[in-house]
Amino acid sequence: MLKALTVSDVLAIAEASSRRTRDERAMVEYLGVGTRRRAPPDRTAGASLLKACAVDRGAFDSPERHGLATALARLTEDARRELIALAWIARSPSLDFNSALRRTRRIPADAQTGYLMGLRLERYLVAWIEKLGYRTRP
């Protein structure tokens, strides 16, 4: 089924994605940003505007993020398409691999790495590579 992508590539990408996610979660905790419940603003105190908290996005520009981007960029266009198809069938089990692979043609080659960086690849890749019949453990 996989032609351009190897199981070792998938496992390496999943591990790099996992490291990036751990690093970003730690940064979110450290900076104290995220989806915490906040008390509703006091509407009786006058008409004041609430400013959004400015977060230094450069803090999330880590070696783990660069490692994942580099690993994705090193893959061939066809390998990135297969990786996107794996991610899609992981998110939508009713979709089969071949139709997912055909749909990946809609994503231009120069946008594939950025698209993959926006996904949490570690969530499902290993499980789906095993469901396709590939061995991931010795």
Side-chain angles (χ1 to χ4, degrees):
M1 187 154 315
L2 295 178
K3 294 178 183 170
L5 192 62
T6 65
V7 174
S8 60
D9 289 338
V10 172
L11 296 176
I13 296 293
E15 177 57 32
S17 182
S18 180
R19 284 193 309 270
R20 189 255 329 239
T21 298
R22 281 193 303 269
D23 183 64
E24 287 180 355
R25 283 187 184 148
M27 188 57 67
V28 164
E29 287 292 319
Y30 174 75
L31 293 174
V33 296
T35 56
R36 290 189 207 163
R37 287 194 164 271
R38 294 190 177 124
D42 183 13
R43 302 271 185 218
T44 61
S48 62
L49 295 175
L50 298 174
K51 292 185 180 180
C53 178
V55 176
D56 180 16
R57 291 194 178 125
F60 291 93
D61 194 23
S62 67
E64 286 79 10
R65 184 171 183 76
H66 285 288
L68 177 59
T70 301
L72 291 170
R74 284 184 184 152
L75 295 174
T76 65
E77 179 183 347
D78 290 335
R80 284 192 302 267
R81 287 182 55 228
E82 288 180 355
L83 194 61
I84 292 168
L86 279 175
W88 285 354
I89 63 171
R91 293 168 66 186
S92 177
S94 63
L95 190 64
D96 69 281
F97 183 76
N98 290 327
S99 61
L101 191 58
R102 280 191 302 274
R103 290 181 185 185
T104 62
R105 292 186 186 127
R106 298 176 186 164
I107 301 174
D110 57 342
Q112 290 172 345
T113 299
Y115 180 82
L116 287 164
M117 288 295 291
L119 301 175
R120 294 292 183 216
L121 297 170
E122 74 279 1
R123 287 186 177 171
Y124 306 107
L125 286 182
V126 175
W128 276 95
I129 199 82
E130 289 174 348
K131 284 190 179 191
L132 288 176
Y134 295 96
R135 286 184 55 172
T136 59
R137 296 176 190 98

Trainee: A quick test of your reading: do over 12 heavy atoms of other residues, nucleotides or ligands sit less than 6.0 Å from CZ of Arg91?
Mentor: no
Trainee: State, yes or no, whether a side-chain contact exists between Arg102 and Ser99 at a heavy-atom distance under 4.5 Å.
Mentor: yes
Trainee: Minimum heavy-atom separation for Gln112 and Ile107, please, with both atom names.
Mentor: NE2-O, 3.7 Å
Trainee: Verify whether one side chain among Ser18 and Glu122 offers a donor that lies under 3.5 Å from an acceptor in the other.
Mentor: no
Trainee: Measuring from atom CH2 of Trp88 to atom CG of Asp96, what distance do you get when rounded to the nearest 0.5 angstrom?
Mentor: 13.0 Å
Trainee: Less than 4.0 Å between a side-chain N and a carboxylate O, is that true for Asp23 and Arg20?
Mentor: no
Trainee: Is the shortest heavy-atom distance from the side chain of Tyr115 to the side chain of Arg80 under 4.5 Å?
Mentor: no
Trainee: How long is the gap from OG1 on Thr6 to CG on Leu75, to the nearest 0.5 Å?
Mentor: 8.5 Å
Trainee: Is there a side-chain contact between Asp78 and Lys3, using heavy atoms and a 4.5 Å cut-off?
Mentor: no
Trainee: Using 0.5 Å steps for rounding, measure from the CG atom of Leu121 to the CG atom of Leu68.
Mentor: 6.5 Å
Trainee: Check whether any side-chain heavy atom of Val10 lies under 4.5 Å from a side-chain heavy atom of Val126, and answer yes or no.
Mentor: no
Trainee: Considering all heavy atoms of both residues, which atom of Ala73 and which atom of Thr113 are nearest to each other, and what is their separation?
Mentor: CA-OG1, 3.9 Å
Trainee: Counting C-beta onward and ignoring hydrogens, is there a side-chain heavy-atom pair between Arg103 and Leu95 closer than 4.5 Å?
Mentor: yes
Trainee: Are Ile129 and Leu86 close enough that some pair of their side-chain heavy atoms sits under 4.5 Å apart?
Mentor: yes
Trainee: Could you grab the distance from atom OH of Tyr134 to atom CG of Leu11, nearest 0.5 Å is fine?
Mentor: 12.5 Å
Trainee: Do Phe97 and Leu2 have side chains that get closer than 4.5 Å, going by heavy atoms?
Mentor: yes
Trainee: Would you say that more than 12 heavy atoms from the other residues, nucleotides or ligands in this model lie under 6.0 Å from the CZ of Arg74, or not?
Mentor: no
Trainee: For the pair Arg19 and Glu15, find out whether any cationic side-chain nitrogen is under 4.0 Å from an anionic carboxylate oxygen.
Mentor: yes
Trainee: Roughly how far, to the nearest 0.5 Å, is CG of Leu101 from CZ of Arg105?
Mentor: 6.5 Å
Trainee: What distance separates Ser17 OG from Leu125 CG, expressed to the nearest 0.5 Å?
Mentor: 7.5 Å
Trainee: Please determine whether a side-chain nitrogen of the Lys or Arg among Arg65 and Glu24 lies less than 4.0 Å from a carboxylate oxygen of the Asp or Glu.
Mentor: yes
Trainee: Quick one: are Leu72 and Leu83 in side-chain contact, heavy atoms under 4.5 Å?
Mentor: yes
